[in-house]
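Start at 1 and go down the list; that is how both ligands and their atoms are numbered. These numbers come from the heavy atoms of this one structure, side chains and all, not from hydrogens, waters or symmetry mates.
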Amino acid sequence: MIFDEISLSIQQGKAKDARRLIEDALNQNLNPKDILNKGLIRGMSIVGEKFKRNEVFVPEVLIAARAMNQGLEVLKPALVANKIEPIGKAIICTVKGDMHDIGKNLVKMMLEGQGIECIDLGVDVSYETVINAILEHKPQLVCLSALLTTTMLYQQEIIREIEKANLRNNLKIIVGGAPVTIDFANEINADGYRADAASAAELAKELIESL
Ligand code: B1M
């Protein structure tokens, strides 16, 4: 099955194979969301499980991540095919101390698919950078991603500093990433949390439209 082959190409970090298989799957008119969930994300989860059990190490994970990011680029036009006129602007980043960018890139793609323009600040982003970007770009939304239990705490620091700078009016903030929960999001005073990129983009649209 092609989904298994895509998953395997990610696990083995074979970016060229991943790109070719995704193109084949798209040519077979397979659902882009299935290609994403049953192929790419499945492959990366298996890498994550092996990483946890010390069966693979950082270099292998990095190569798998490169294959995943390249695969996502091939899939992007199909995932955001319903692109519409811009409805608003978002700043998106992975927070300080955290280099994981695959989930953040996926959220960005889905936001763009909902017609939300994205200013991507990248990874390892400090609250100063976020605040400067809010002042410069005047977004309606800030999206904060964190993949580590240590860095998720920095989401709270960014929210606090945005409030201290009096920039919270007419601005919504959503948080996400594997260790983040709805309870944590409420505790740190975020406007929302979703567990996956597609739901996060739907929430983003609702929040922008509520302003
Ligand atoms: Co890292 N890593 N990693 N890693 N890594 C995890 C997160 C880990 C769970 C692995 C494990 O132990 N099983 C573990 C964290 C443990 C913890 O804190 N509880 C871990 C660790 C420990 C580390 C290092 C400390 C390892 C080390 O150096 N000893 C180190 C930290 C570096 C740093 O950031 N400072 C590290 C490094 C790396 C690599 C650089 C090698 C690489 C990242 C490469 C890259 O991103 N370019 C990497 C990877 C790839 C992973 C795993 C294997 C995969 C993450 C991923 O991309 N998943 C991961 C294990 C895992 O998650 N199973 C792991 C696929 C992606 C689509 O999912 O990002 O969760 P995810 O995004 C999801 C949702 O979370 C959500 O949407 C996406 C799905 O639709 N989402 C949002 C994400 N952001 C959102 C924002 C939203 C809403 C939803 O709103 C704003």
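- Note: no N/O pair closer than 3.5 Å links L144 and ligand 1 by distance alone.
- Protein heavy atoms come within 4.0 Å of atom 91 (C) of ligand 1.
- Judged by distance alone, with hydrogens and angles left aside, the side-chain atoms of E73 form no donor-acceptor pair with the main-chain N or O of Q70 at under 3.5 Å.
- Here the protein heavy atom with the shortest distance to atom 12 (O) of ligand 1 is K52 CG, 4.0 Å.
- R19 and D24 are not joined by a salt bridge, as no carboxylate oxygen comes within less than 4.0 angstrom of a charged side-chain nitrogen.
- The closest non-hydrogen atom to atom 67 (C) of ligand 1, taken over N54, L106, T151, comes from L106.
- S45 and E49 share no side-chain donor-acceptor pair at under 3.5 Å.
- From the protein, the heavy atom lying nearest to atom 76 (C) of ligand 1 is A195 O, 3.3 Å.
- Regarding atom 81 (N) of ligand 1, its nearest protein heavy-atom neighbour is G177 N, 3.6 Å.
- Short contacts between ligand 1 and C143, defined as distances under 4.0 Å to a heavy atom of the residue, involve ligand atoms 91 (C).
- At a 4.0 Å heavy-atom cut-off, ligand 1 touches R194 through the backbone alone.
- Excluding waters, the protein N/O/S atoms found under 2.8 Å from atom 1 (Co) of ligand 1 are H100 NE2.
- The protein reaches atom 33 (C) of ligand 1 closely, with a heavy atom under 4.0 angstrom from it.
- Defined by atom type and a distance below 3.5 Å, a donor-acceptor pair is present between the side-chain atoms of D98 and T151.
- Distance from atom 65 (C) of ligand 1 to its nearest protein heavy atom, with residue and atom name: M44 CG, 3.7 Å.
- Side-chain atoms of N37 come within 3.5 Å of backbone N or O of K33 as a donor-acceptor pair.
- Under the 4.5 Å side-chain criterion, counting only non-hydrogen atoms from C-beta, L141 is not in contact with I173.
- At least one protein heavy atom sits closer than 4.0 Å to atom 58 (N) of ligand 1.
- The existence of a salt bridge linking E161 and K164 is confirmed by a sub-4.0 Å separation between a basic side-chain nitrogen and an acidic carboxylate oxygen.
- Atom NZ of residue K14 and atom OG of residue S9 lie 9.0 Å apart, to the nearest 0.5 angstrom.
- Distances from atom 80 (O) of ligand 1 to the heavy atoms of A178, A197, A201 show the closest one on A197.
- Remark: R194 does not engage E202 in a salt bridge, criterion side-chain N to carboxylate O under 4.0 Å.
- Y154 and V95 get closest at one heavy-atom pair: CD2-CB, 3.9 Å.
- Of the options A204, S199, G176, the smallest heavy-atom separation from atom 87 (C) of ligand 1 is shown by G176.
- In terms of N/O distances under 3.5 Å, ligand 1 is not approached by T150.
- Close approach of ligand 1 to A200 is summarised as follows: ligand atoms under 4.0 Å from at least one heavy atom of the residue are 88 (C).
- The protein non-hydrogen atom at the shortest distance from atom 44 (C) of ligand 1 is A65 CB, 3.6 Å.
- Of the N and O atoms on the side chains of D196 and S199, at least one donor lies less than 3.5 Å from an acceptor on the other residue.
- At least one N/O-N/O distance between T149 and ligand 1 falls below 3.5 Å.
- Taking atom 72 (O) of ligand 1 as the reference point, the nearest protein heavy-atom neighbour is G103 CA, 3.3 Å.
- Of the possible polar contacts, none joining the Y193 side chain to the N186 backbone as a donor-acceptor pair under 3.5 Å is found.
- At a threshold of 4.5 Å between side-chain heavy atoms, the hydrophobic network of Ile, Leu, Val, Met, Phe, Trp and Tyr places I102 and M99 in two separate groups.
- Scanning the protein for heavy atoms near atom 35 (N) of ligand 1, the closest one is G97 O, 2.9 Å.
- Considering only non-hydrogen protein atoms, atom 84 (N) of ligand 1 sits nearest to S145 OG, 2.8 Å.
- Salt-bridge check for K96 with D124: failed, with every basic side-chain N at 4.0 Å or more from each acidic carboxylate O.
- With hydrogens and angles left out, the side-chain atoms of N189 and Q156 include no donor and acceptor closer than 3.5 Å.
- For atom 24 (C) of ligand 1, no protein heavy-atom neighbour is found at a distance under 4.0 Å.
- In the vicinity of D98, heavy-atom distances shorter than 4.0 Å reach the ligand 1 atoms 34 (O).
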Steps toward salt bridge (Lys or Arg N to Asp or Glu O under 4.0 Å) verdict (D120, K104): CA-CA 9 Å; D120 186 352; K104 183 263 299 166; 3.0 Å; yes
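- Atoms CD1 and CG, on I2 and L8 in that order, are 12.5 Å from each other to the nearest 0.5 Å.
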